[in-house]
Amino acid sequence: QAQVEESGGGLVQAGDSLRLSCTASGLTYPSYTMGWFRQAPGKEREAVACINRDGTTQAYSDSVKGRFTLSRGNAKNTLQLQMNSLKPDDTAMYYCAVDPHGAVVGGRCLRGPDPDWGQGTQVTVSS
């Protein structure tokens with residue numbers, strides 16, 4: 001099981017930007033997808049953005065397309081999420097996932113049965 005750690009959350013105003021970072025260690029999987037998910041109070045965890053195993057394909061939820069951008073480090077164990085033009089609806093706990101059984105298909109992030117999650121980083125956007 002990989003250890004996953006997120007950072008970069010905070011309290012910002014609508015229209016501001018934040019950059020989230022994720023670092024995974026203890027990786028033993030031959031390949032894996034990585035992605036960002038978020039969960040707001042009372043709601044299910046949803047995919048925000050993800051990248052496939054070889055880093056050639058990304059997917060974004062409709063709600064963040066054009067505002068959020070993924071980037072992956074050369075070592076492939078780091079993942080950043082640049083979030084621009086933040087809205088109050090973006091308020092949530094953001095989780096990074098390393099998923100040996102995940103996939104990026106048809107513009108969607110597909111989760112496997114048991115990804116490795118970080119503890120999450122809170123993003124709060126005030127209006």
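Computation of the quantities below employed the complete heavy-atom set of this structure, encompassing side-chain atoms and omitting hydrogens, waters and symmetry-equivalent molecules.
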Set of residues satisfying side-chain contact (heavy atoms from CB on, under 4.5 Å) with respect to Ser25, sequence neighbours excluded: Gln3
Straight-line distance of Leu18 CG to Thr121 OG1, nearest 0.5 Å: 8.5 Å
Close side-chain approach of Thr124 and Val12, heavy atoms under 4.5 Å: no
Main-chain N/O of Pro30 paired with Arg53 side-chain donor or acceptor, under 3.5 Å: no
Pairs satisfying ring pair (Phe, Tyr, Trp, His ring centres under 6.0 Å), at least one member in residues 30-55, at least two apart: Phe37-Trp117
Only pairs under 3.5 Å count here: list side-chain donor-acceptor contacts from residues 85-97, not counting sequence neighbours, and write none if there are none.
residue, atom, partner, partner atom, Å
Asp90, OD1, Arg38, NH1, 2.9
Asp90, OD1, Arg67, NH2, 3.0
Asp90, OD2, Arg67, NH1, 2.8
Asp90, OD2, Arg67, NH2, 3.4
Asp90, OD2, Lys87, N, 2.8
Thr91, OG1, Pro88, O, 2.9
Thr91, OG1, Val125, N, 2.9
Thr91, OG1, Val125, O, 3.4
Tyr94, OH, Arg38, NH1, 2.9
Tyr94, OH, Asp90, O, 2.6

From Thr69 atom OG1 to Asn84 atom CG, the distance as rounded to the nearest 0.5 Å: 6.5 Å
Distance in Å, Gln80 CD paired with Leu20 CG, rounded so as to fall on 0.5 Å steps: 9.5 Å
Backbone of Ala2 reached by a side-chain donor or acceptor of Asp116 within 3.5 Å: yes
Distance in Å, Gln119 CD paired with Glu6 CD, rounded so as to fall on 0.5 Å steps: 7.5 Å
Candidate pair Tyr29 and Asp99, rule side chain to side chain donor-acceptor pair (under 3.5 Å), full reasoning: CA-CA 9 Å; Tyr29 309 123; Asp99 197 343; over 6 Å; no
Disulfide bond (SG atoms under 2.5 Å apart): pairs with one or both residues in residues 40-71, sequence neighbours excluded: Cys50-Cys109
Set of side chain to side chain donor-acceptor pair (under 3.5 Å) partners for Arg108, sequence neighbours left out: none
Rounded distance (nearest 0.5 Å) linking atom OG of Ser63 with atom CD of Glu46: 5.5 Å
From NE2 (His101) to CG (Asp114), nearest 0.5 Å: 8.0 Å
With sequence neighbours excluded, residues passing side-chain contact (heavy atoms from CB on, under 4.5 Å) with Gln58: Ile51, Tyr60, Leu70
Nearest atoms (heavy-atom pairs only) where Ala59 meets Val104: CB-CG1, 3.7 Å
Over all atoms of both residues, closest heavy-atom pair of Thr78 and Met34: C-CE, 4.4 Å
Minimum heavy-atom distance between Gly35 and Leu79, given as atom pair plus value: N-CD2, 3.7 Å
Within-4.5 Å side-chain heavy-atom neighbours: Cys22 and Val4: yes
